[in-house]
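When a ligand or atom number is given, it counts from 1 through the structure's own listing order. This one's a predicted model, so the numbers in the text were calculated from it and none came from an experiment.
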Amino acid sequence: MILEKKIEYKQAKVLFSKEKLDERIKVLGAEITRDYKGKDLVVVGILKGSFIFMADLVRAIDLPLQVDFLGLSSYGDETSTSGVVKITNDLSKPIDHKHVLIVEDIIDTGLTMQYLLEFLKTRSPSSVKICALLEKPDNAKTKIDIAYKGFTIPNEFVVGYGLDYAGLYRNLAYIGVLGA
Ligand code: IMP
Ligand code: MG
């Protein structure tokens, strides 16, 4: 029998307000609009963490584009990644000869993204770039080139705006810290 671990639901302390996120996403959207003009762009959101960021980001990009999603999950409710990733939902269409922009919530060790880049390369896209809302460089185990980055944060566990702890907190409108 599988017993679900009980977690105490604590209030998250605001790190980035909805206003701050909106402001930064407008800038990222403008940069992406400038860089992909005239290109066949597919924006690929990594589920589940990127779903809210993705929805706001694509509306800040003033170009014809397609969206797709890749479902990934790492195992367990731990607050650190093992680097063991499972594809739970594949892309709905081929990406060969398309310019792919991966949208990810956060890059921590970088192991998930390293795996993902290798996986997408086998599908022969014209280019692959990364847009990540957050990066925790203190925890990096591999060098990941983030073309469009929202914010750099210290090594703290954050939740909200799509990011979860044990499946919870994704629906917060802001990014918060689960402090002691
Ligand atoms: P990485 O493989 O260590 O770079 O981990 C990336 C994934 O771990 C992210 O896509 C998140 O799902 C999860 N993750 C890492 N840090 C946090 C955090 O502070 N809050 C919520 N999820 C996180
Ligand atoms: Mg994620």
Side-chain angles (χ1 to χ4, degrees), residues 4-18 20-21 24-25 28 32 42-58 67-91 95 100-122 128-180:
E4 225 184 310
K5 199 160 70 181
K6 285 263 175 276
I7 73 148
E8 188 198 343
Y9 193 88
K10 286 190 267 182
Q11 182 86 23
K13 213 174 74 204
V14 180
L15 183 61
F16 300 114
S17 66
K18 177 76 177 83
K20 190 101 188 163
L21 294 168
R24 185 71 192 119
I25 289 164
L28 294 175
I32 294 165
V42 185
V43 183
V44 173
I46 308 306
L47 297 173
K48 302 172 201 161
S50 75
F51 81 113
I52 295 179
F53 175 42
M54 172 90 168
D56 284 343
L57 183 72
V58 292
V67 300
D68 210 337
F69 292 95
L70 256 181
L72 290 193
S73 80
S74 38
Y75 297 93
D77 285 343
E78 305 307 319
T79 56
S80 66
T81 353
S82 56
V84 183
V85 179
K86 186 171 68 167
I87 306 258
T88 56
N89 180 63
D90 201 349
L91 295 170
I95 51 165
V100 174
L101 181 64
I102 304 174
V103 177
E104 177 61 304
D105 51 2
I106 184 164
I107 297 187
D108 185 19
T109 62
L111 295 173
T112 304
M113 193 50 77
Q114 188 178 43
Y115 174 88
L116 202 62
L117 289 171
E118 288 306 314
F119 173 81
L120 289 177
K121 249 192 246 165
T122 65
V128 180
K129 280 200 208 174
I130 298 165
C131 176
L133 181 61
L134 305 170
E135 183 190 25
K136 278 193 224 176
D138 296 349
N139 236 359
K141 289 196 177 139
T142 176
K143 173 92 187 73
I144 299 290
D145 183 16
I146 306 172
Y148 309 96
K149 179 166 67 183
F151 302 96
T152 302
I153 61 166
N155 193 10
E156 281 183 294
F157 199 80
V158 291
V159 294
Y161 200 67
L163 292 110
D164 76 306
Y165 171 64
L168 299 172
Y169 299 97
R170 293 193 197 275
N171 57 321
L172 298 182
Y174 60 93
I175 300 270
V177 183
L178 284 184

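- Ring planes of F151 and F16: parallel class, angle under 30° (limits at 30 and 60°).
- The shortest N or O to N or O distance between V158 and ligand 1 is under 3.5 Å.
- Near D164, the atoms of ligand 1 lying under 4.0 angstrom from a non-hydrogen atom of the residue are 21 (C).
- Which parts of ligand 1 touch D108 is read off a 4.0 Å heavy-atom cut-off, strictly below it: atoms 1 (P), 3 (O), 4 (O), 5 (O), 15 (C), 16 (N).
- Distances shorter than 4.0 angstrom do not occur between any heavy atom of G49 and any atom of ligand 1.
- Using a 4.0 Å cut-off to heavy atoms of E156, the atoms of ligand 1 that qualify are 19 (O).
- Ring centroids of Y9 and Y169 are separated by less than 6.0 Å, placing the two rings close together.
- Of all atoms in ligand 1, listed by their number and element, those nearer than 4.0 Å to a heavy atom of T109 are 1 (P), 2 (O), 3 (O), 4 (O).
- Between I102 atom CD1 and I130 atom CD1 the span is 5.0 Å, to the nearest 0.5 Å.
- The structure places CG of L70 at 6.0 Å from CG of L116, a figure rounded to the nearest 0.5 Å.
- Close N/O approach between V159 and ligand 1 is not found [any backbone or side-chain N/O within under 3.5 Å].
- Annotation for ligand 1: atoms under 4.0 Å from non-hydrogen atoms of L163 are 20 (N), 21 (C), 22 (N).
- Heavy-atom contacts of T112 reach the following atoms of ligand 1: 1 (P), 2 (O), 5 (O), 6 (C) (cutoff under 4.0 Å).
- Counting heavy atoms from C-beta outward, I46 and V103 have side chains that stay 4.5 Å or more apart.
- Ligand 1 places these atoms under 4.0 Å from at least one heavy atom of E104: 10 (O).
- Taking every heavy atom of K136 and a limit of under 4.0 angstrom, the matching atoms of ligand 1 come to 16 (N), 17 (C), 18 (C), 19 (O).
- Between R24 and D56 there is no salt bridge, since no side-chain nitrogen of the basic residue lies less than 4.0 Å from a carboxylate oxygen of the acidic one.
- Between F119 and Y115, the ring-plane angle classifies as parallel under the 30° and 60° cut-offs.
- The line from OH of Y161 to CD1 of I52 is 7.5 Å long, rounded to the nearest 0.5 Å.
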